[in-house]
**Q** 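First, the structure itself, so that you have it in front of you.
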Amino acid sequence: MTDLLGDLKRTHHCCELRNTDINKEVVLMGWVQHRRDHGGVIFIDLRDKEGITQIVFNPENSNAVHEKAQEIRNEYVLGVKGKVIARPDNMLNPNMKTGAIEVLIDELCIFSKARTPAFQIEDRVEASESIRLQYRYLDLRRPQLQKNLLARHKATMAIRKYLDNNGFVDIETPFLTKSTPEGARDYLVPSRVNQGEFYALPQSPQLFKQLLMIAGFDRYYQIVKCFRDEDLRADRQPEFTQIDMELSFVDEQQVMETAEGMIVTIFKKVLDIDLVTPFPRITYDEAISRFGLDRPDLRFDLELRDVSDIVKDAGFKVFANVVKNGGLVKAINAKGCATFTRKQIDELTNFASVYKAKGLAWIKIKEDLWQSPIAKFFTDGEKEALKKRLDLEPGDIVFFVADQPKITNEALGQLRNELARRLGLILDNTYEFTWVTQFPLLDYDETEKRYQALHHPFTAPLESDIKKLSSDPLAVKSRAYDLVLNGIEIGGGSIRIHSTELQGKVFNCLGIDENEANEKFGFLLNALASGAPPHGGIAFGLDRLMMLLCQEDSIRNVIAFPKTQKATCPLTEAPSKPSTAQLQELSIKISRIEE
RNA sequence: GGGGGUGUAGUUCAGUUUGGUUAGAACGCUUGCCUGUCACGCAAGAGGUCGCGAGUUCGAGUCUCGUCACUCCCGCCA
């Protein structure tokens, strides 16, 4: 039989007691971390969410209690009453906050016995992820995850306080809502009341927050779940949390400043780090040109250099032809890495091929020669120009990618990150932010043969580019901005379109005619026509932000109950098959492909 | 949809290259001893469908094929 709580009341947490508490009568409650039974005296490390205290059962103190303590095992839940005593002088434990004292127990309640845990509840014991997820309640007892979730709590508290202080109003928006075209795949929810019809779970509260601006709330925020039915990654889950906000009567600068203030507050509260603002701001074009990616990692240099003009007439036909066909030849100088072996170069070539690069040309710069399969194709003049452009010195190795601009930039940009990882250029505990602005408004979908919104269809184009919407849509830049931290996009937003005419024009570019626009976004167009303030906003990925703050490499370690890569939950075994009755009620039939 | 990695005791792993006796280690667990440990110690013990299914072979943890799960990445993620 286990014990009931009775009138036992906790007086302290397991991290609190010190020398100054000696002789106090205390009551602790917690889990058994370790038991050390010496036959006579029994030591137990009692753990709660705050820490650990050593408690002692001594037969000389109470035989009956000592007897009962012998059945205690790991992870049992105890309530104990006893006296705080000093440890013998040579028995202090400097590794524990409570290492100067221990509690000699007079009264023991065993609230719960525990079956042997599937894995040991210690940070140094790393169980496989599927076991950890199956027994997530055990996993969550580990100090690391407790620390991460407490940090997440601190962050959200700081966010709410900051936004409240800045006049933002927390307003909830529906989860059962309407499917929107474009964007990610929707999660659908069948409607029982309206047979054959479905709600969609929101990919973001985008349209609702715009409606709130039109309603006059001026500043809105929400820490809210969003749903996208796409494949998972280490930093991506089908349900994730956004810090979502929207402001009226603001331009890009004001949104970015407000967001910066929030990030500064979070870093101060969670990590006690003082960030310097304003964060650097670079345009999309500059980011791509210098770093190859729209989310540059600014913790290291290794910038990309365009050498297309130098090699356009070179004897190396691969380069020359790429330039002739509108492609780009860019290069990256890995200073001092001419010692790379053939194997290392092959690995980097394979790495680049993942991003569609057809090859990775290289030149090792030695004291008196260029060692390379391609060096012989360059004239002295071309070599001199390359040397100058790429700052080539003996001991360097330079890598080239030649392809269509998109591939060249992506492959070399990713290679830049990989080189930095391999060369150890990335220091721990560094946080390099940058805003990336003026994204293209549209890109062209080759498979569907039409333009697509890069951000979303409600993003405003730069005012000066509006006239290009019909003549040269791909040249139109938008009033969108992303916040990038250490090469990872943690937030993004834009100034929105607040006029029906402009919104119509953009829909037009996207191939959405008036009928379709009215059918899908009629409510937004009506709202815009009913007095819409200029407005814009931003949303941050809370999971990603916490992943970076907690120095984790997966968002699963900052989410209490995350999904596996196949979007399942090993703990609850979701998703699962509905009953026939449920399906009938919804008038849904499963057409089986297998079984 | 595609590519890579992993899968052996409750847990983490070794063993697979080159098929061959009874599949090992550490931690955990059980029992006994132990009054100053703190990753306690000592002794003994239990614990295995080598992910699953076929195949090759005298013989498969090891080789082949298929399949499942977990994971990383590409595609996808306005």
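We use all heavy atoms of the structure for the numbers below, so side chains are in, but hydrogens, waters and symmetry mates are not. By convention in this document, chain letters (A, B, ...) are assigned in the order of the sequence lines, proteins followed by strands, and residues within each chain are numbered from 1.
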**Q** Determine whether more than 12 heavy atoms belonging to other residues, nucleotides or ligands lie under 6.0 Å from atom OH of A:Y187.
**A** yes

**Q** Using a cut-off of 6.0 Å, state whether more than 12 heavy atoms not belonging to A:E71 lie near its atom CD.
**A** yes

**Q** Salt bridge between A:E410 and A:K406, side-chain N to carboxylate O under 4.0 Å?
**A** no

**Q** Any side-chain N or O of A:S130 less than 4.0 Å from the OP1 or OP2 oxygen of B:A69?
**A**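 Checking A:S130 against B:A69: no side-chain N or O falls below 4.0 Å of OP1 or OP2.
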
**Q** To the nearest angstrom, how far is A:N350 atom CG from B:C74 atom P?
**A**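 That distance rounds to 15 Å.
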
**Q** Taking atom types as they are modelled, is there a donor-acceptor pair under 3.5 Å from the base of B:C77 to the side chain of A:R228?
**A**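 It does not, because no donor-acceptor pair links the side chain of A:R228 to the base of B:C77 below 3.5 Å.
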
**Q** Measure the distance from CG on A:N557 to P on B:C72 and round it to the nearest whole Å.
**A** 10 Å

**Q** Below 4.0 angstrom, N of the basic side chain to O of the carboxylate: do A:K356 and A:D403 qualify?
**A**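 Looking at A:D403 together with A:K356, the answer is no, because their closest N to O distance does not fall below 4.0 Å.
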
**Q** Between atom CZ in A:R295 and atom P in B:C77, what is the gap in whole Å?
**A**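 In whole Å, B:C77 P and A:R295 CZ are 14 Å from each other.
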
**Q** Tell me whether the OP1 or OP2 atom of B:U11 has a side-chain N or O from A:S128 closer than 4.0 Å.
**A** no

**Q** Less than 4.0 Å between a side-chain N and a carboxylate O, is that true for A:R142 and A:D139?
**A**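 Looking at A:D139 and A:R142, the cut-off is met.
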
**Q** Examine A:F227 together with A:F175 and report whether their ring centres are nearer than 6.0 Å.
**A**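 So the answer is yes for these two rings.
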
**Q** If pairing requires Watson-Crick or G-U wobble contacts with both distances under 3.5 Å, which nucleotide is the partner of B:G32?
**A** B:C42

**Q** I need the NZ-C1' distance between A:K566 and B:C72, as an integer number of Å.
**A** 16 Å

**Q** Treating primed atoms plus P, OP1 and OP2 as sugar-phosphate and everything else as base, which nucleotides of nucleotides 30-39 of chain B get B, S or - for protein heavy atoms under 4.0 Å?
**A** SS--BBBBBB

**Q** Below 4.0 angstrom, N of the basic side chain to O of the carboxylate: do A:R450 and A:E448 qualify?
**A** yes

**Q** Checking base pairs now: Watson-Crick or wobble, both atom distances under 3.5 Å. What partners B:U6?
**A** B:A69

**Q** Is it true that A:R544 and A:D235 make a salt bridge, defined as a side-chain N closer than 4.0 Å to a carboxylate O?
**A** yes

**Q** Would you kindly compare A:T568 and A:R544 by the position of their nearest RNA chain B nucleotide and give the one closer to the 5′ end?
**A** A:T568

**Q** Both distances under 3.5 Å, Watson-Crick or G-U wobble: report the partner of B:U64, or none.
**A** B:A54

**Q** Taking only heavy atoms on the protein side, list every residue of residues 481-502 of chain A lying under 4.0 Å from any atom of RNA chain B, sorted numerically.
**A** none

**Q** Determine the interplanar angle of the A:Y284 and A:F439 rings, folded into 0 to 90°, and report it as parallel if under 30°, tilted if 30 to 60°, perpendicular if over 60°.
**A**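 It falls in the tilted class, 30° to 60°.
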
**Q** Measure distances between side-chain N and O atoms of A:D231 and base N and O atoms of B:G75, and say whether any donor-acceptor pair falls under 3.5 Å.
**A**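 Such a pair is found, so the answer is yes.
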
